[in-house]
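The figures that follow rest on heavy atoms only: side chains count, while hydrogens, waters and symmetry mates do not. Letters A, B, ... are given to chains in the order of the sequence lines, protein chains preceding strands, and every chain is numbered from 1.
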Amino acid sequence: MPELPEVQTVVNYIRPILIGEKVKSITPLWPKVFHNFSDRDLQKKINGEKIIEVLRRGKFIVIQFKKVIMAIHLRMTGKVYYLNKNNSISKHTTALFTFESKNQLVFDDVRKFGRLYLYNSLEPLNKCLGPEPLSNDFSLDLFSELLKGRKRNTKALLLDQSILAGLGNIYVDESLWKSGIHPNSISNVIPAFRVKKLYKNIKNILTDAINKNGTTIIDFSVNGESGKYTNDLQIYNRNKLDCFHCKNKITKIRVAGRGTHICLKCQKIYNRKNKNVEPT
DNA sequence: AGGCGTTCCTGGGGGC
DNA sequence: TGCCCCCAGGAACGCC
């Protein structure tokens with residue numbers, strides 16, 4: 001499940017090679033992969049155009065051209081990699097980018113949820129996405145306001161891309177565990193010191209994960225590098241194993257429709273009744 | 001407003 | 001071994 005660190009890893013990988021490339025064609029091998037545009041739009045707006053910049057916004061990979069942007073969302077199983085002489089496109093390829101240099105970029109997606117988007121600018125993405133957790137604009141005050149301004153299940157809120165952009169199931173579980181907050185806590189009654197912890201942990205965990213090329217195994221055909229943050233996971237995917245803090249067994253529950261890993265001893269539920277009670 | 005169920009997909013795991 | 005069923009999940013959407 002590519003989240004912010006995994007998408008950043010992909011961007012770091014493809015950016016230096018993509019910049020300066022001119023698009024010859026983009027072939028949809030799965031018809032639904034073009035989300036909001038047609039072949040004709042491509043011919044008018046992308047084909048022959050040069051790639052100026054490649055960046056990340058939330059979980060989107062953004063390829064910037066002079067007048068338009070193409071956004072790629074990997075959803076759960078999407079992968080982007082270069083095609084070289086030694087490999088062939090897999091049967092799960094949903095789109096194939098061909099450049100005038102004859103280089104080719106593959107968009108591979110087993111479950112076919114990933115999509116390509118065409119926009120005139122970043123604005124449509126900015127409109128539906130919250131702040132970047134690693135940007136300077138994302139202050140503790142802003143984060144506190146986001147939590148206090150709503151009476152919502154905390155995990156659901158952190159997964160909501162319009163509130164905060166880039167977190168997914170893995171990093172929400174990790175951040176909440178490290179901050180001692182139960183995912184079913186109500187966002188507006190979490191005490192300030194816990195909010196501060198959560199704020200710092202989100203930043204630290206994401207930064208750490210980026211430095212280790214993320215968690216999801218990314219099978220690049222060129223350099224074979226895979227995400228090393230897998231070894232650093234403290235709570236995610238550790239159902240029935242010992243909590244690293246208190247040695248209690250980790251449990252798996254459902255929160256906001258997602259499989260959720262928690263330590264019942266370390267993570268405190270905050271709601272109206274017990275907001276002043278601290279964990280033992 | 002927010003919670004919840006449904007939809008999109010396929011590989012893989014559990015049960016028999 | 002084989003087969004069937006169901007589950008995993010990010011985000012959009014409709015409903016309550």
Task: Backbone of A:Arg40 reached by a side-chain donor or acceptor of A:Gln43 within 3.5 Å - done: no

Task: Nucleotide nearest A:Lys112 (side chain, heavy atoms from C-beta), chosen from B:dC9, C:dG9, C:dA11 - done: B:dC9

TODO: Please work out which of the three classes, parallel, tilted or perpendicular, describes the rings of A:Tyr229 and A:Tyr171, given edges at 30° and 60°.
DONE: tilted

TODO: Just say parallel, tilted or perpendicular for the rings of A:Tyr199 and A:Phe143, cut-offs at 30° and 60°.
DONE: tilted

Open item on the list: Any salt bridge linking A:Lys79 with A:Asp109? Criterion: basic side-chain nitrogen under 4.0 Å from a carboxylate oxygen.
Closed with: no

Open item on the list: Quick check: on DNA chain C, is the nucleotide nearest A:Tyr236 upstream (toward 5') of the one nearest A:Phe60, or the reverse? Name the residue that is more 5'.
Closed with: A:Tyr236

- [ ] Classify the nucleic acid contact of A:Asn153 as base, sugar-phosphate or nothing, counting any heavy atom under 4.0 Å across all strands shown.
- [x] sugar-phosphate

Task: Integer-rounded Å distance: B:dC9 C1' and A:Arg115 CZ - done: 9 Å

Task: From CD1 (A:Ile235) to SG (A:Cys266), nearest 0.5 Å - done: 7.5 Å

TODO: Give the nucleotide from the list C:dA11, B:dT10, B:dG2 with an atom nearest to the side chain of A:Arg152.
DONE: B:dG2

TODO: Pick out which of A:His182, A:Arg254, A:Lys155 makes a side-chain hydrogen bond (donor to acceptor under 3.5 Å, both in side chains) with A:Thr260.
DONE: A:Lys155

TODO: For A:Gly257, answer base if it contacts any base atom (sugar-phosphate contacts may also be present), sugar-phosphate if it contacts only those atoms, and nothing otherwise; contact means non-hydrogen atoms under 4.0 Å.
DONE: nothing

Task: For DNA chain B, the residues among residues 28-37 of chain A that have a non-hydrogen atom under 4.0 Å from it - done: A:Trp30, A:Lys32

Task: A:Arg254 side-chain proximity, nearest of C:dG10, B:dG2, C:dG9 - done: C:dG9

Task: Side-chain donor/acceptor of A:Arg111 to base of C:dG9, under 3.5 Å - done: yes

